[in-house]
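Notes follow once the structure below has been shown.
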Amino acid sequence: MEFTTLNKSSDLSSGLGFSDLEAGGFEQIVVASDAAAGMRLVVAIHSTALGPAAGGLRIWPYASERDAVVDAMRLAQGMTLKYAAAGVDLGGGKAVLVGKPLGPVEGEARMRAVGRVVESLGGRFRIGADVGSTLDDMEHIFTETDHVNTLPEDLGGVGDISYATARGTVAAMRACAERAWGRGDLRGRRIAVQGLGMVGEKAARMLADQGAELIIADIDDDRVARVTRESGARPVAPEEIHRQDVDVFAPFALGAVVNDDTIGEIKAKVVVGSANNVLAEDRHAHELVDRGIIYGVDFIANAGGAIYDADRLRKGGFVARRALAKVDAIGDRIRQTFQVADAERITPLGAAYRLAERRLADFSAKRAGACRFG
Ligand code: NAD
């Protein structure tokens with residue numbers, strides 16, 4: 001296995017170097033390959049200020065090494081913000097593997113090679129499941145290292161975290177509804193749900209149970225048929241979902257769905273969902289405010305799974321009731337973004353950055369003087 005560790009002292013063939021790390025406040029980037037196992041991996045450690053950096057394993061057929069490194073860095077930065085804003089004592093990191101997902105049997109050697117890279121980081125990085133990776137993959141990684149977050153229940157983990165993500169997003173939606181209409185009750189609200197995967201389908205069920213009227217879209221017809229049958233939702237074509245005449249537009253599929261092309265077509269008063277990077281660019285947060293649209297910030301709204309899973313790292317271990325209470329408190333964090341936005345005359349996104357940065361600054365001050373690279 002070959003390793004390149006980029007930590008403020010070396011350079012990468014991809015053209016990224018220590019100046020990129022310093023500019024983004026990164027601590028370390030590891031590029032590793034194991035040709036025999038078919039593994040090409042990048043681990044980006046953005047911050048360990050609050051605790052070990054944690055983030056999922058994304059498996060994607062990146063066109064170039066540079067694309068993989070840049071994506072790992074972008075996602076790791078997002079994890080720092082997510083954990084800091086959620087009040088979880090973990091830092092931000094991310095692993096990306098160049099390639100396509102493989103089944104649990106064919107993928108074993110590759111995942112064990114990933115596990116050895118994680119182990120070599122000595123606990124500075126904890127890996128979990130993300131787009132393209134599964135709990136089966138985590139099980140193989142766990143054979144090589146203890147530093148795994150998302151694990152099945154029979155291995156001491158909390159299992160599938162998408163229920164907690166859905167629950168937290170619904171709590172965020174209720175907080176947004178309160179701001180928009182003075183009451184958080186979603187009964188009778190018309191909600192456009194984009195994406196009915198692990199999180200979206202569960203959220204749709206919760207919203208239907210709370211009396212919301214659903215309009216749904218997915219590129220997978222079976223999922224649309226199932227949710228239509230179960231919740232009485234009305235299906236529309238995927239390209240139509242954001243422009244429905246609804247109260248809430250809820251993205252549960254892709255990022256960048258609020259962009260220059262779609263923003264003018266959104267009729268909803270509230271935009272909130274579980275998708276990461278809902279806004280194509282930060283400037284769209286200003287445009288939403290100008291259009292009178294209330295935005296429940298993605299990295300706060302979708303932190304439920306991360307919060308739930310992290311409870312297992314507390315002394316004494318996982319307590320489901322406590323973990324779910326923290327997931328439900330996402331509503332309070334969204335309310336806090338509105339309070340800070342009002343007080344400081346900034347957007348809710350700006351307020352969320354500020355909340356995360358304050359927590360990071362508090363901890364960095366406490367840990368000042370500690371040398372990270374020995
Ligand atoms: P998923 O892959 O299970 O579901 C995504 C769904 O979106 C699929 O059903 C897919 O067919 C659908 N989709 C894809 N393109 C679409 C399009 N153009 N229009 C409509 N539907 C489309 O993913 P998930 O785990 O449910 O996560 C959903 C989103 O939430 C992702 O952005 C993910 O990054 C984010 N998220 C998930 C979690 C979690 O706990 N799973 C946590 C935080 C954030």
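All ligand and atom numbering here is 1-based and tracks the order in the structure. Everything numeric here is computed off the predicted structure, so don't read it as measured data.
A distance of 6.0 Å separates CZ in R333 from CD1 in I307, rounded to the nearest 0.5 Å.
At a heavy-atom cutoff of 4.0 Å, ligand 1 is contacted by the side chain of L254 but not by its backbone.
Nearest protein neighbour of atom 43 (C) of ligand 1, counting heavy atoms only, is N302 O, 3.4 Å. Looking from atom 4 (O) of ligand 1 to the surrounding protein, the closest heavy atom is G197 CA, 3.2 Å. The closest protein non-hydrogen atom to atom 23 (O) of ligand 1 is M198 N, 4.5 Å. The single protein non-hydrogen atom nearest to atom 35 (C) of ligand 1 is S274 O, 3.2 Å, given as residue, atom name and distance. Closest protein heavy atom to atom 7 (O) of ligand 1: A253 CB, 3.3 Å.
Near S162, with a cut-off below 4.0 Å to any heavy atom, the atoms of ligand 1 are 40 (O). Close approach of ligand 1 to G195 is summarised as follows: ligand atoms under 4.0 Å from at least one heavy atom of the residue are 7 (O), 21 (N).
The heavy-atom pair separating R291 from G264 by the smallest distance is NH1-CA, 3.5 Å.
Listed by chain and number, the residues in a side-chain hydrogen bond (donor to acceptor under 3.5 Å, both in side chains) with E153 amount to none (sequence neighbours excluded).
By the 3.5 Å distance cut-off applied to N or O atoms, T165 is counted among the residues near ligand 1. Where the criterion is an N or O separation shorter than 3.5 Å, residue side chain and backbone included, D218 meets it with respect to ligand 1. Looking at ligand 1, you won't find any N or O of P238 less than 3.5 Å from one of its N or O atoms. Polar contact with ligand 1: present for N276 (N/O pair, distance under 3.5 Å). Among the atoms of R58, none of the N or O lies under 3.5 angstrom from an N or O of ligand 1. Between R223 and ligand 1, at least one pair of N/O atoms sits closer than 3.5 Å.
Of the candidates Y308, F252, F299, it is F252 that places a heavy atom closest to atom 28 (C) of ligand 1. Here the shortest heavy-atom distance to atom 24 (P) of ligand 1, taken over T150, V199, I161, belongs to V199. Nearest to atom 17 (C) of ligand 1 by heavy-atom distance, out of I216, I219, V131, is I219.
One finds no salt bridge joining K269 and D247 here, because no Lys/Arg side-chain nitrogen approaches an Asp/Glu carboxylate oxygen to under 4.0 Å. A salt bridge links D34 to R116: at least one charged side-chain nitrogen sits closer than 4.0 Å to a carboxylate oxygen. A salt bridge is absent between R183 and E178; no separation between the charged side-chain nitrogens and carboxylate oxygens falls under 4.0 Å. Under the 4.0 Å criterion applied to side-chain N and carboxylate O atoms, R226 and E201 are assigned as salt-bridge partners. Under the 4.0 Å criterion applied to side-chain N and carboxylate O atoms, R189 and E213 are not assigned as salt-bridge partners.
Here the rule is side chain to side chain contact (heavy atoms under 4.5 Å, CB included) with K94, and of D130, D71, I127, L57 only D130 fits it.
Taking the six-membered ring for Trp and the full ring otherwise, Y308 and Y163 have centroids separated by 6.0 Å or more.
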Indicate every side-chain donor-acceptor pair of residues 299-306 with a distance under 3.5 Å to a residue at least two apart or in another chain.
{"residue": "N302", "atom": "OD1", "partner": "K82", "partner atom": "NZ", "Å": "3.0"}
{"residue": "N302", "atom": "ND2", "partner": "S274", "partner atom": "O", "Å": "2.9"}
{"residue": "N302", "atom": "ND2", "partner": "N276", "partner atom": "OD1", "Å": "2.9"}
{"residue": "N302", "atom": "ND2", "partner": "D298", "partner atom": "O", "Å": "3.3"}

